[in-house]
Undergrad: 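Once you've had a glance at the structure underneath, I'll fire off some questions.
Everything numeric here is computed off the predicted structure, so don't read it as measured data. Counting starts at 1 for both ligands and their atoms, following the listed order. Any value given below was found using the heavy atoms of this structure, including those in side chains, with hydrogens, waters and symmetry copies removed.
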Amino acid sequence: MITTLVSNDAEIVWKDCLKIIREHISEQSYKTWFEPILPYRLIGKKLIIQVPSQFFYEWLEDNYVKVLRKALDFSLGREGQLEYSIVIDSGNKNRNQPTISVELPNSGKQLQKTEKEEKSNRIKNPFDLKELTFSNVDSFLNKNYSFDNFIEGDCNRLARAASYAVAEKPSVTSFNPLMIYGGVGLGKTHLVHAIGNKIKEKVGSDKKVLYVSSEKFTSQFINAIKENSLQDFMSFYMQVDVLILDDVQFLSGKEKTQETFFHIFNHLHQSGKQIVMTSDRPPKDLVGVEDRLLSRFKWGLTADLQTPDLETRIAIIQKKLQHENLDVDFEVVEYLAHCIDSNVRELEGVMISLIAQASLNRKTIDIELAKSTLNHIVTSSEKDVSIDSIISVVTDHYNVRIADLKGKTRLRNIVIPRQVAMYLAKDLTQLSLKSIGYHFGGRDHSTVIHAIQTVNDLMDTDKEVDKAVKALLQRFKK
Ligand code: ADP
Ligand code: MG
């Protein structure tokens with residue numbers, strides 16, 4: 001009971017502190033450095049806060065001492081004192097061990113080491129074990145991925161900016177680790193290679209950069225165990241200045257690999273080295289990744305990549321065409337951008353087929369070729385219903401002309417089939433509202449929303465429409 005009371009007091013005081021802190025530093029720094037802090041106890045005028053690592057504490061001390069003092073003055077007055085409690089989770093399961101406290105008077109820091117920290121310090125220094133030099137090791141970076149050929153859009157702005165900042169000043173920004181997540185084919189791998197390449201390109205840079213997929217990391221780890229060379233493995237990774245680990249979701253459920261990565265991660269992070277990771281899902285959805293590792297991921301910055309919007313897709317297509325020295329009508333570019341809106345990899349795939357088709361048949365890339373190429377490509381698995389097939393089935397059913405569906409007529413016998421076709425397009429394809437509108441004579445997305453709502457309402461009130469829509473849907477379901 002008493003402890004709860006005490007910690008409540010600590011919470012209140014810390015809340016007051018945060019108010020002041022927030023006013024003085026950027027949102028990003030606030031999130032990175034102050035949100036992870038937990039108010040632990042208040043003893044008299046001494047506030048004890050919990051921080052996740054020695055590094056964290058040092059960083060606060062080096063960078064935020066003034067603002068912390070201000071905050072304490074405000075919440076506790078001049079006599080207010082701050083004490084850090086560092087919770088180093090060094091991997092042993094007993095979480096109830098006492099934490100180490102670092103007295104924080106204005107001068108001199110005392111460290112009271114506990115058994116727990118002793119343990120974490122007992123990991124042998126891997127550098128003594130074997131001379132593994134990094135100089136002759138490849139960084140495994142793909143030179144084709146750069147910031148220059150990464151198209152920026154709303155979908156990737158934060159992730160790109162953070163990556164760029166990290167590339168310019170690895171381990172200096174608070175984006176450490178930097179975690180980029182997003183669905184397949186959205187540019188995660190591209191971005192992290194761009195970071196590595198930029199760091200290596202810098203004149204006079206002698207940074208040891210290493211790109212590794214989580215799959216490769218795992219298999220190296222398994223080999224190391226088999227060959228009894230785990231220390232070499234660890235020592236190799238601990239020499240890296242910038243570690244890029246791609247697709248960390250692959251570590252899910254692989255406890256031992258995670259454990260090892262955890263040690264490497266801590267070592268690198270505490271030695272001020274940069275870590276960059278990607279994942280196909282946000283950290284909180286990484287099932288089977290241990291909490292202590294997840295909480296490490298939260299130290300830096302997590303930025304997501306979204307599906308590119310129309311403008312970005314157009315820019316990507318144009319860049320690709322430009323790269324291939326091809327001059328293609330804007331109409332075709334726009335058509336492609338509207339038809340493929342799932343991810344960039346798919347967009348690139350279609351472009352490659354299209355370019356191949358054009359050169360094989362000595363044709364220019366025009367709208368006809370674009371259409372026929374697209375019809376031959378089954379894009380993502382759910383997307384095998386094409387908008388053209390929907391339009392053709394609907395016009396057939398209602399006995400109207402395609403031109404009418406795409407035209408301006410407001411006659412009811414045309415409007416309903418048109419709305420039904422849009423409804424089906426929304427249901428059966430992954431096209432955005434904007435793209436659906438584009439296929440129906442360039443209507444805007446609000447018209448598509450209206451059409452979908454109307455059909456929904458009609459299905460409730462008009463048996464004929466309900467029956468027709470259900471029958472039409474049935475024709476597409478396998
Ligand atoms: P992920 O790792 O997220 O699955 P990739 O990085 O492999 O995706 O990207 C798939 C393809 O799309 C790559 O060829 C990449 O160059 C390209 N790509 C992705 N996003 C962009 C972008 N914003 N600008 C240019 N190319 C991109
Ligand atoms: Mg990838």
Undergrad: Restricting to N/O/S atoms, is Thr189 within less than 2.8 Å of the Mg ion (ligand 2) or not?
TA: yes

Undergrad: Taking only heavy atoms of Lys188 into account, list the atoms of ligand 1 that are under 4.0 Å away from them.
TA: 1 (P), 2 (O), 3 (O), 4 (O), 6 (O), 8 (O)

Undergrad: Check each heavy atom of Asn156 against ligand 1 and say whether those closer than 4.0 Å belong to the side chain, the backbone, both or neither.
TA: side chain

Undergrad: A quick test of your reading: do over 12 heavy atoms of other residues, nucleotides or ligands sit less than 6.0 Å from CG of Asn361?
TA: yes

Undergrad: What protein heavy atom sits nearest atom 25 (C) of ligand 1, and how far away is it?
TA: Asn149 O, 3.2 Å

Undergrad: Among all the protein's non-hydrogen atoms, which is closest to atom 8 (O) of ligand 1, and how far away is it?
TA: Gly187 N, 3.0 Å

Undergrad: For Glu311, look at atom CD and say whether over 12 heavy atoms of other residues, nucleotides or ligands are found less than 6.0 Å away.
TA: yes

Undergrad: For atom 2 (O) of ligand 1, grab the closest protein heavy atom and report residue, atom and distance to one decimal in Å.
TA: Thr189 OG1, 2.8 Å

Undergrad: Using modelled atom types and a 3.5 Å cut-off, is there a donor and acceptor pairing between side-chain atoms of Asn176 and backbone atoms of Lys273?
TA: yes

Undergrad: Which one of Leu336, Ile355, Leu354 satisfies the side-chain contact (heavy atoms from CB on, under 4.5 Å) criterion with Thr373?
TA: Leu354

Undergrad: Name the closest protein heavy atom to atom 16 (O) of ligand 1, giving the residue it belongs to and the distance to 0.1 Å.
TA: His190 ND1, 2.6 Å

Undergrad: Which residue owns the protein heavy atom closest to atom 21 (C) of ligand 1, what's the atom, and how far is it?
TA: Phe150 CE1, 3.7 Å

Undergrad: Between Asn149 (side chain only) and Asn144 (backbone N and O only), is there a donor and an acceptor less than 3.5 Å apart?
TA: yes

Undergrad: Please verify whether a non-hydrogen atom of Gly185 lies at under 4.0 Å from ligand 1.
TA: yes

Undergrad: Tell me if the centroids of the rings in Tyr164 and Phe147 come within less than 6.0 Å of each other.
TA: yes

Undergrad: Can you name the closest pair of heavy atoms from Phe261 and Leu251 and give their distance?
TA: CD2-CD1, 4.1 Å

Undergrad: Verify salt bridge (Lys or Arg N to Asp or Glu O under 4.0 Å) between Arg292 and Glu259, making sure each step is shown before the conclusion.
TA: CA-CA 10 Å; Arg292 61 200 180 119; Glu259 178 99 355; 2.6 Å; yes

Undergrad: Mind checking whether Ile151 has an N or O less than 3.5 Å away from an N or O of ligand 1?
TA: yes

Undergrad: Return the CD1 to CE distance between Ile365 and Met351, rounded to the nearest 0.5 Å.
TA: 6.5 Å

Undergrad: Which of the numbered atoms in ligand 1 are below 4.0 angstrom from a heavy atom of Val184?
TA: 4 (O)

Undergrad: Can you tell which of Lys320, Arg345, Glu348 gets a heavy atom nearest to atom 13 (C) of ligand 1?
TA: Glu348

Undergrad: Out of all atoms in ligand 1, which are within 4.0 Å of some heavy atom of Gly183? Include the element for each.
TA: 3 (O)

Undergrad: If you take the nearest heavy atom of each of Ile316, Val344, Leu347, which one is closest to atom 12 (O) of ligand 1?
TA: Val344

